[in-house]
Amino acid sequence: MIITINQLISCSPLLILLSTAIVIMLFIAYNRNHAFTFLCSIIGLSFTLLSLYFVQKNIPTNVTILFHIDKYSLFYIAMIVLSSMISCVFAYSWLKNCPYDYEEFYLFLLFSTIGCISLIIANHMSVLFIGMELISLPMLGLIAYTYFKKHSLESAVKYMILSCTVSVLALFGIALIYSISGSLTFFSLMYELLMSMSHPNIVLLCGVGLVIVAFVFKLSIFPFHIWTPDVYNGTPSIVLIYLSTAAKIAVFSLFFKLFSFLTFFNIGFFNIALEIMLCCSIVFGHIMALFQTSIKRFLGYSSISQFGYLLVSLLNSSNFNFSLEVVGVYLISYWLSNIGIFGLMSMISNANCKLEFDCISCYRSLFWYNPVLSSIMTITLLSLSGIPITIGFISKFYLLSLIIKEHLWFLGMIFILGSMIGIYSYLKIITFLYLKPVTNSSVKKIILNTHSKKYVFFLFMISLLIVILGIFPDMVINVISRSEPRLFNIV
Amino acid sequence: MLLPIFIMVPFLGGILCLLCDQYSLKIAHYIALILMSIVFALSISLLFYDLTVYVPSIYGSHWNFEYETPWIPRFGITFHLAADGLSILMLVLTSILGIVSILCSWNKIKRNIGFFYLNLLWILSFSIGILLSVDLFLFFIFWEVMIFPAYFLIIFWGYKIDNKKTCLNRYIIANKFFMYSQCSGLILLFSILALVHCHYISTHILSFSYDALHNVHVNFFLETCIMLGFFLAFSIKIPIVPFHGWLPDFHTYSPISGSLDISGILLKTAVYALLRFNIFLFPHSSARFACYFMILGLITIFYTALIAFSQTDIKRLVAYSSISHSGFVLVAIYSASQIAYQGVIVQTISYALSTAALYCLIGQLFQRVHTRDMRKMGGLWSSIKWIPGFSLFFSVANLGIPGTGNFVGEFMILFGAFKNNILLVSIASFSLIISALYSLMMIQKIYFGVHSRSNDVVIMPYTSFREIFISVSLLVMLILIGLYPNIIMNISELPLNNLRSVFSNFILITRL
């Protein structure tokens, strides 16, 4: 097998991250130094970001049969690298409070990022499986990083068992596909589907179905959503910055590729199943979110419904260009608001020494002693609920126009219903921020130290960005439409 | 370039108020007042242009003033503002009410003055945006964004009594208002997108422009669905009876100036939108549904007028009476008569003025008596100067006494609609008796009758010049409109005729 220099450049994001991870590992073995590890991982991540510029020049290409890189995957890679960078920055001061070694945090993060990137550019079933495992195994370490905390181990074990079960199912599905097509590339799967279009092979479809179950589990769509709130509850907010954005975005990007292909062949069963799943997750996620008292559980449930909305983009009959735009805008808005809200939470719990501020009542009357923080939180929550002049609204607008374009009237009803319940549940939290402070001082007050001022500024910029992109969405739309949506090299 | 100024001046002025608040205590009042006066002067100056338009072809623009700049080219959305006589009249009304509400809250707001004026001016700015925008996306954005300042007004400066339950209620009511508005907004967005999509299918041009969208050819069923969506969204805001749940509660808990804004500005934008969009964009299906909507209007008139009787809170009473008047507007809009349409404008303006004056007076009364419960008042006529007299005048104006604008509006509506809907209008005219009854009952309970015990000791302070000025200026305007309604009608005739002529071609088929 010959690998040309162009191919090497094309997969340079992976290579840079791998070498960074190796350097960090070697350095940990030699001498532990927190600041160096932090710097090293930040530099590695920024070089990865930089390398995307060079990658951009010679794509789309195939790197061996395993990877396929096009402009659209670059867009997702950039988002993932940025979010792991941000979680590194937020983690730095948080880890200082930890009573034991903290270099491994960055290692876990880097490995998981490698998994995400390889999943995005995957063109082969083995990469799909390895990528998924590479995301979730380091994630276990991250979730259980504060194992001395109350729910930490519980959620890690829960995540591990469920995720392993699903991985096994996916592996079985891949085996079934292999038994029919005799090869593991996506191309052969498509070829096989194309050949048997009139009378589809049941074994093959079972295999595809099982792989889809794995995806749906990772995205926490309705019947497979049970892990999400519990895991969100036990995970430190800093890990959640990463978990809620990077992992889900990576999984979704590949899911979109595969599924859009399936609809291309008009396999009706998958469409119907998907429609039921997404309707249920929109309604169920929002309704359950209403009754939560912990803000992390709330966001867990709301992320279920958020991805329910996003799956609407898959129900497309003919032209996927518009869907790709929808997905791009939606993911950017989801990414920004999740970073905003979890960044805020992690900063607050970090400044208040080891107290996890995840109870909604902790944020009661935040406005009256810290208006800046409360306005950041209000903007991010409003963006999540999709209210005008935030980027969240633009993504909702895109989704609605897609629904109308495809004449999915029933789904439109579900959409409106879900949004109304959703707005109510977000509004409940926002109201808490503006309640008058109670006079007795039994409530924990949120105190910020001087160190967290920088983070406040950063979060303020993010919330400002949410608003600016909401008013001038042209910038986002241009970036996305310039990323040349092309799904597969063959289709 | 003139039109964006109307939106920008209050918008930036609000921010200026917030920034200047730290340096001086009272400066925000003056900034807000001066800026609104500028807007008022500008909107008056628009009236002095020649407002007749000669449309050279069907594709020519029929707006007097226009401003357009691209915004989101991906969806064919432009920042398109335009005004004709109708919008200018509403603009003048909005700026008058803006000035009144600023004067009204002059001494009452003690904390966070800058932030208060930010919210107040933003409500004005966004409602001006609603009145001027002719791009449906832009319209929708203003429609939705206007909720926030109103929401904050009620949360921070709402009805205050040191009582934990009232405090919590205020948040619940604010959320209720927010939810109702959001429902209305979502339905509106869905309908707008459906309409735009229909337009796209037939012409392959993606556009949200009002001028482009009124030529869409849609099948009847779909047009009906979209029209009902628009109607539902607007009727939540007007409000029409089954959807009116939020309004009285909102009035109960909002600050005086806030509720003045809501009644005068927010609700009037919905009437304007109904006139501007529902009838013009969907003449066919509107005509088919006209009689149902008129019956809905009739139910609104009687139901809320009867409910108003059982109120003990003055503000709720006035709120219900204003819902009752909006029923008249609905009847008039769907009667498709030229005279009734003129009446709608006269009535909208004069009712906005008279209810605004009533809310102001209630606020002034509340400052002196510290209650809004009518059962606790009585015999106040002799203990306060000026206010009882003004209250009497405005409540009598509110029930439509000849010589005031309200009479002209009501008369024209009933007269115009009578020709084709004899039964319906004759039933509707009986509601005037009910409204006379509850207005007089209100006056009687507050100002006449037995002195209640608690009021004996209260010494009423002197009525300030500012308070008299508000009442007198509104009074003069009402009488002016009542005696010479042509100042309104001359301006609104041409645009209203354009709207009506589209609609009346269809309505000839269906009559009650």
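Note on naming: letters A, B, ... go to the chains in the order of the sequence lines (proteins, then strands), and numbering restarts at 1 for each one.
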Side chain, backbone, both or neither: which part of Leu435(A) has a non-hydrogen atom closer than 4.5 Å to chain B?
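Contact with chain B: backbone and side chain both.
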For Ile416(A), which atoms come within 4.5 Å of any heavy atom of chain B: side chain, backbone, both, or neither?
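Both backbone and side chain.
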I'd like to know whether [atom1] of [X] has more than 12 heavy-atom contacts from other residues, nucleotides or ligands below 6.0 angstrom.
{"X": "Phe284(A)", "atom1": "CZ", "value": "yes"}
{"X": "Tyr424(A)", "atom1": "OH", "value": "no"}
{"X": "Phe460(A)", "atom1": "CZ", "value": "no"}
{"X": "Phe220(B)", "atom1": "CZ", "value": "yes"}

Separation of [Y] [atom2] from [X] [atom1] (nearest 0.5 Å):
{"X": "Arg74(B)", "Y": "Ile394(A)", "atom1": "CZ", "atom2": "CD1", "result": "12.5 Å"}
{"X": "Ser419(A)", "Y": "Phe190(B)", "atom1": "OG", "atom2": "CZ", "result": "10.5 Å"}
{"X": "Ile201(B)", "Y": "His407(A)", "atom1": "CD1", "atom2": "NE2", "result": "4.5 Å"}
{"X": "Ile192(B)", "Y": "Ser401(A)", "atom1": "CD1", "atom2": "OG", "result": "12.0 Å"}
{"X": "Thr431(A)", "Y": "Ile172(B)", "atom1": "OG1", "atom2": "CD1", "result": "9.5 Å"}

Test of ring centre spacing under 6.0 Å for [X] and [Y]:
{"X": "Phe156(B)", "Y": "Phe367(A)", "value": "yes"}
{"X": "Phe393(A)", "Y": "Phe140(B)", "value": "yes"}
{"X": "Tyr398(A)", "Y": "Phe75(B)", "value": "yes"}
{"X": "Tyr434(A)", "Y": "Phe152(B)", "value": "yes"}
{"X": "Phe137(B)", "Y": "Phe397(A)", "value": "yes"}

Step by step, would you call Ile423(A) with Phe178(B) a side chain to side chain contact (heavy atoms under 4.5 Å, CB included)?
CA-CA 9 Å; Ile423(A) 287 165; Phe178(B) 198 94; 3.9 Å; yes
Top contributor to chain A contacts, counting heavy-atom pairs under 4.5 Å, from Ile187(B), Leu189(B), Ile147(B):
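Among the listed options, the one with the most contacts to chain A is Leu189(B).
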Trp71(B) side chain to Phe472(A) backbone, donor-acceptor under 3.5 Å:
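No, the answer is negative, given that no donor and acceptor are paired below the 3.5 Å cut-off.
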What closest approach, in Å, do Ile404(A) and Ala194(B) show between heavy atoms, and which atom pair accounts for it?
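Between these two residues, the closest heavy atoms are CD1-N, 3.5 Å.
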Is it the side chain or the backbone of Tyr151(B) that comes within 4.5 Å of chain A heavy atoms, both, or neither?
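The side chain, not the backbone.
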So for Leu193(B), is it side chain, backbone, both, or neither that comes closer than 4.5 Å to the heavy atoms of chain A?
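When you check distances to chain A, atoms from both the backbone and side chain of Leu193(B) fall under 4.5 Å.
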Note, Gln182(B) side chain near Met420(A) side chain (heavy atom, < 4.5 Å):
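A side-chain contact is absent here, since even the closest heavy-atom pair is not under 4.5 Å.
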